[in-house]
Amino acid sequence: MDSIIVRGGHRLNGTVSTSGSKNAALPILFASLLADGQHRFTNVPYLKDIESTQSLLKSLGASSGREDDTLVVDVSSPAAHVADYEMVRKMRAGILCLGPLLARYGEAKVSLPGGCAIGSRPIDLHIETMRRLGADITSEGGYVIARAQRLVGDRILFEKVTVGGTENALMAASLARGITIIENAAKEPEVVDLANYLIAMGAKIEGAGTSVISIEGVDELSPASHRIVPDRIEAGTLLIAGAITGGKVTVDNCVPGHLQSLVEKMRDAGFRIDTDDSSLTVQATKSWQAVDIATAPHPGFPTDLQAQFMALMTQASGTSVITEQIFENRFMHVQELVRLGADITPMSQVAVVRGNSGGLGAAPVMATDLRASASLVLAGLVAEGETEVSRIYHLDRGYEHLENKLASLGADIERVAAE
Ligand code: EPZ
């Protein structure tokens, strides 16, 4: 298993570009199952999760390949409508084929995703949504089995905000008969990007990006083209990399408006952040203050930037209280940061970070999940000495060669292939 070696102490300076959003590309690729023919996507990042999705789509009758800067997905009716365990266990987002298969073919057999490092991550809200739209759903042998003559629009009220649940509901309702109203819908930019692609395919959707979305089902959708929205989590991670090293970094090809909560917190901490219509520039001041954060659904502070922000707070003056309100176990990076010398006390949903505890010292650390990996790389950028982050296959799921992007800004960082 590959590792990343980081030699700390280098200020990062310069400009780096954001890739397309993993969490927008995944649901949009599954949405292609809603219409036969060639779907064409640009700005699709080169990530393990994208490759996993392409394999799953292939097993569902949709071949795909890159033509220059375009990912072409060629959908034809599959022999079977089964998303098998081997594929879904590697990538929980595989549950996002439930809505499209059910809406298009009236049946779907999707492996229950199983838990993951950051929490149990149930799919009860996805199941309830499909039942609400008229599907008959049973579970057998670790699989969800769903059937429906034709889905029928209805009112869906989510008891808690769910990004994937909202996305499955959008895709299923697009081909349902009649009107569907989704209330307490997720407002994440990735949900909006999915809605934009569905609309390009001919879906009738209003209100995406707000907590109430209405969908008027149509009989048929058509393949279309779409440019994937920039990855706000990667952009935020790169911005924090510039900040934690005390440098001046511009992150371009991003949507600054998607990172308002991070920008506000970094400005509260004392960083200077300038924005224009497609880039953010961070400039560190001589020292920065600890600030508290609590993760929340968009436009609140993104849970996917919690671990990275915690690394930043280990270098702040004062104490930061970090509350994780989305997932029940998303502090796996804490003990690894403590190995680097950070002073952090984790409790169940809260971690107390005492900043500037005499700086960080290099040590071998282990990645446990995607965003924890990024947090450890960021800490390695300022730890004295050589930090080795192992199991970085987690990192490759969601970052397109992060080490190359950081090296282009002056980081002393390299990927080491396992013997
Ligand atoms: C999406 O996951 C993202 N993944 C996650 O990013 C992100 O952290 C999360 O949204 C929250 O923003 C993709 O888009 C592929 P949820 P998702 O449904 O859809 C509970 C990353 O690092 N819940 O919004 O799975 C759930 O357990 C990944 O890129 C239920 O209880 O998240 C969680 O506590 C990690 N029942 C909360 O809701 C359900 O049926 C929010 O989950 C569904 C979810």
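For this chain, numbers begin at 1 and follow the sequence in order. Ligands are counted one by one from 1 in listed order, and the atoms in each one are counted from 1 as well.
A salt bridge does not link Lys48 with Asp396: none of the charged nitrogens is closer than 4.0 Å to a carboxylate oxygen. The residues Asp84 and Arg89 are annotated as not salt-bridged, no charged nitrogen and carboxylate oxygen being separated by less than 4.0 angstrom. Using a cut-off of 4.0 Å between Lys/Arg side-chain N and Asp/Glu carboxylate O, Lys405 and Glu234 are scored as salt-bridged. Look at Asp154 and Arg177 and you find no salt bridge, because none of the NZ, NE, NH1 or NH2 atoms lies under 4.0 Å from a carboxylate O. Using a 4.0 Å cut-off between charged side-chain N and carboxylate O, Arg415 and Asp2 make a salt bridge. We find that Glu414 and Arg7 are joined by a salt bridge, their nearest charged nitrogen and carboxylate oxygen being less than 4.0 Å apart. A salt bridge links Glu67 with Arg40: at least one charged nitrogen is closer than 4.0 Å to a carboxylate oxygen.
For the ring pair (Phe, Tyr, Trp, His ring centres under 6.0 Å) condition, the pairs that include at least one residue of residues 84-113, sequence neighbours left out, are His81-Tyr105.
For ligand 1, the atoms sitting less than 4.0 Å from at least one non-hydrogen atom of Lys22 are 21 (C), 29 (O), numbered in the order shown with element in parentheses. Ligand 1 places these atoms under 4.0 Å from at least one heavy atom of Asp304: 5 (C), 6 (O), 7 (C), 8 (O), 21 (C), 22 (O), 28 (C), 29 (O), 35 (C). Atoms of ligand 1 lying under 4.0 Å from any heavy atom of Ile123, numbered from 1 in the order shown and given with element: 39 (C), 40 (O). Counting the atoms of ligand 1 from 1 in the order shown, those under 4.0 Å from a heavy atom of His126 are 40 (O).
At least one N or O atom of Val163 sits closer than 3.5 Å to an N or O atom of ligand 1. Looking at Thr303 next to ligand 1, no N or O pair under 3.5 Å apart turns up. Considering backbone and side-chain atoms alike, Gly164 places an N or O below 3.5 Å from some N or O of ligand 1. Some N or O of Asp124 is nearer than 3.5 Å to an N or O of ligand 1, by distance alone. For ligand 1, one of its N or O atoms has an N or O atom of Ile326 under 3.5 Å away. For ligand 1, the polar-atom distance check against Glu167 finds no nitrogen or oxygen pair separated by under 3.5 Å. For a threshold of 3.5 Å applied to N or O pairs, the pair formed by Glu328 and ligand 1 contains no separation below that value. In terms of polar-atom proximity, defined here as any N/O pair under 3.5 Å, Leu125 does make such a contact with ligand 1.
Side chains of Gln306 and Thr295: a donor-acceptor N/O pair is absent below 3.5 angstrom, by distance only. Using modelled atom types, one finds a donor on one side chain and an acceptor on the other under 3.5 Å when comparing Tyr197 with His39.
Glu220 is linked by a side chain to side chain contact (heavy atoms under 4.5 Å, CB included) to nothing, counting only residues two or more places apart in sequence or in another chain.
Protein heavy atom at the shortest distance from atom 2 (O) of ligand 1 is Arg121 NH2, 3.3 Å. Scanning all protein heavy atoms for the shortest distance to atom 18 (O) of ligand 1 gives Thr162 OG1, 2.7 Å. Of the protein's non-hydrogen atoms, the one nearest atom 3 (C) of ligand 1 is Asn23 ND2, 3.7 Å. Nearest protein heavy-atom contact of atom 29 (O) of ligand 1 is Arg371 NH2, 2.8 Å. At the top of the distance list for atom 20 (C) of ligand 1, counting protein heavy atoms only, stands Lys160 CD, 3.8 Å. The single protein non-hydrogen atom nearest to atom 32 (O) of ligand 1 is Phe327 CZ, 4.1 Å, given as residue, atom name and distance.
Of the possible polar contacts, one joining the Lys265 side chain to the Asp292 backbone as a donor-acceptor pair under 3.5 Å is found.
Closest heavy-atom approach to atom 44 (C) of ligand 1 within the set Pro122, Ser21, Gly165: this belongs to Pro122.
Residue contact check for ligand 1: Arg330 places a non-hydrogen atom closer than 4.0 Å to it. Between Gly398 and ligand 1 there is no heavy-atom distance shorter than 4.0 Å.
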Open item on the list: Walk me through whether Glu324 and Thr303 qualify under side-chain hydrogen bond (donor to acceptor under 3.5 Å, both in side chains).
Closed with: CA-CA 7 Å; Glu324 173 55 57; Thr303 176; 3.0 Å; yes
